[in-house]
Amino acid sequence: MAEDLVLEKCDLELEANGRDHHTAGLCQGRLVVRRGQPFWLTLHFTGRSYESSVDSLTFSAVTGPDPSEEAGTKARFSLSSAVEEGAWTAVVMDQQDSVLSLQLSTPPNAPVGLYRLSLEASTGYQGSSFVLGHFTLLFNSWCPADAVYLDSDEERREYVLSQQGFIYQGSVKFIKSIPWNFGQFEDGILDICLMLLDRNPKFLKDACRDCSSRSNPIYVGRVVSAMVNCNDDQGVLLGRWDNNYKDGISPMFWIGSVDILRRWKTSGCQRVKYGQCWVFAAVACTVLRCLGIPTRVVTNFNSAHDQNSNLLIEYVYNKFGEIQKEKSEMIWNYHCWVESWMSRPDLQPGYEGWQALDPTPQEKSEGTYCCGPVPVRAIKEGDLSTKYDAAFVFAEVNADVVNWIQQDDGSLCKSTNNSQTVGMKISTKSVGRDEREDITHNYKYPEGSPEEREAFRKANHLNKLTEKEETGLAMRIRVSESMSMGSDFDVFAYINNNTSESHSCRLLLHARTVSYNGILGPECGTKDLLNLSLEPFSEKSIPLRILYEKYCECLTESNLIKVRGLLVEQAANNYLLAERDIYLENPEIKIRILGEPKQNRKLVAEASLRNPLTVPLLGCSFTMEGAGLTEEQKVMDVPDPVEAGEGGQAAAS
């Protein structure tokens, strides 16, 4: 009788598998592979070699705390002669004496997560069990049978593998890119992403069902959307928008996701203070890319927050052009969310592809602060019954703005000037290039097109279908060329009289600081012209000077000033409202590499900027992000003082 087959060791072939599965950055002392694709395993036996005629090898792969074959979280499979599509299989590829080379395959719909792989070796009636090791299984956008399959290699590199990118902020007329370190392959991030899944309330309520559902990117995307904010759970980030961040870190100070996720883990899953929309979106992008779901951060300029689903954002002003009351329904200068690529077998054909997911806590969805995934195509078509949260996202890009002027007797008069269009310059980083791509056409048909009107009809967006009133007067706000932080500058109310009659009007101009989510701050400039005469077929440009000394103390970290003009023609009871958000540019940070970069040699980088203010700066430091930097290297102090108009610099090695 043959003696027992004894396993000496199992080689998980980290280098080969990491290369084949595009997980080399994650395979540092552990095996990380993508589902639906074979991976290598080498078994070293001692005493004697494996003999197919007498030895039986059976493998077991389990995930989650309560694995079961019915839930898809447990698989038992024997050696077979060929790979079986869509199933757990193990095939002998080579045998050299007591060394057995195998290929293991996983189904393209297996739950993602951490697995334990075991082997039962039996000879006749005797058998032994061995734990071969652990591996982490991810979604696979390279596998055509996976729900996240993406057929462009360039797009897979951008949306799954790229660890750096840009997020777009500013205003619709001045779009600014900020670099972001997603860092999904940095040390410890994969473990934190798996921990995030294990802290979600659905796992805590029914772990078996939750782990089984992790086969579905729709489910995982929804869980991540909820867990990036902490409103219902032990989620990652606490949102705050009141410019009071002393007990935490200002949302503007983050330049990457890695520090946020590590803080969440080391604090025992205590919420990290603080986040705003682009921070929530960027962290969600890191987690989803890490798990293998193609994801990108998207910015929508002039984004509506419609609470009552009537697709209208209504503002009431007094006769001086001052807003009457702040309200939760507002237009944000910009709002960020993510799009993830996946199939939607739960919906009608044509709704696969990019799905919008919004982790910023705004409204509850099925009792939880999350949003999506909803097909971007469904938003374009006005199909508001589509899962999940189509109506809310449709309003973000399509709501109509109505401005009312309150009269002395309390009655309301509608402004005839359409001053703001919701859902403009929807932006994401281009594939393979550090440039902005405009994807508005994915969300909206061309303005005025029959397809747009059909989408509005389907969405019952009645206000958009009514013809707009046209008057002979028009007004818009124009800006001067240079508007940088620390400067004085002019803005202009540009008024057209397109009628054959003269008009006598009153013009009120106001400038106020504003946060990116539409919350107004103090006034920093005003002008009131009681008797403005507009000649027939004439144009007038009225300047308003905005001084640094007026806005310096009240400008928020958003660097935004809202300029609003109200033109009142009392005789005709006619009101025109125009507004524009102005972004003040910060000075450019320049990074210079000193010496020639060489592998395994210390590199020195110098960061510098010019102080644009009229006063010296004290206590300045640069914060850096990047793989391989220690915590000490990430912060560089700048020698005091940085005089007005002078440059400050610091070097790191």
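- Nearest approach of L12 to L132, heavy atoms of both residues: CD2-O, 4.2 Å.
- No salt bridge links E352 with R344; every basic N to acidic carboxylate O contact stays at or beyond 4.0 Å.
- In plain terms, the two heavy atoms of C211 and F203 that are nearest each other are SG-CE1, 3.7 Å.
- The nearest pair of heavy atoms linking D389 to G372 is OD2-N, 2.8 Å.
- Here the shortest heavy-atom pairing between P294 and W354 reads O-CZ3, 3.8 Å.
- If you check the side chains of E437 and S427, you find no donor sitting under 3.5 Å from an acceptor.
- By the 4.5 Å heavy-atom criterion applied to side chains, D247 and R240 are counted as neighbours.
- For the pair D206 and K202, the salt-bridge criterion is not met [side-chain N within less than 4.0 Å of a carboxylate O].
- A salt bridge links D146 and R35; the closest N-O separation between the charged side-chain nitrogens and carboxylate oxygens is under 4.0 Å.
- R592 has its side chain within reach of L594: a pair of non-hydrogen atoms, C-beta onward, lies under 4.5 Å apart.
- Taking 4.0 Å as the cut-off between side-chain N and carboxylate O, D11 and K9 do not count as a salt-bridged pair.
- For the side chain to side chain contact (heavy atoms under 4.5 Å, CB included) with T295, the qualifying choice from Q355, R289, M342 is R289, the only one to do so.
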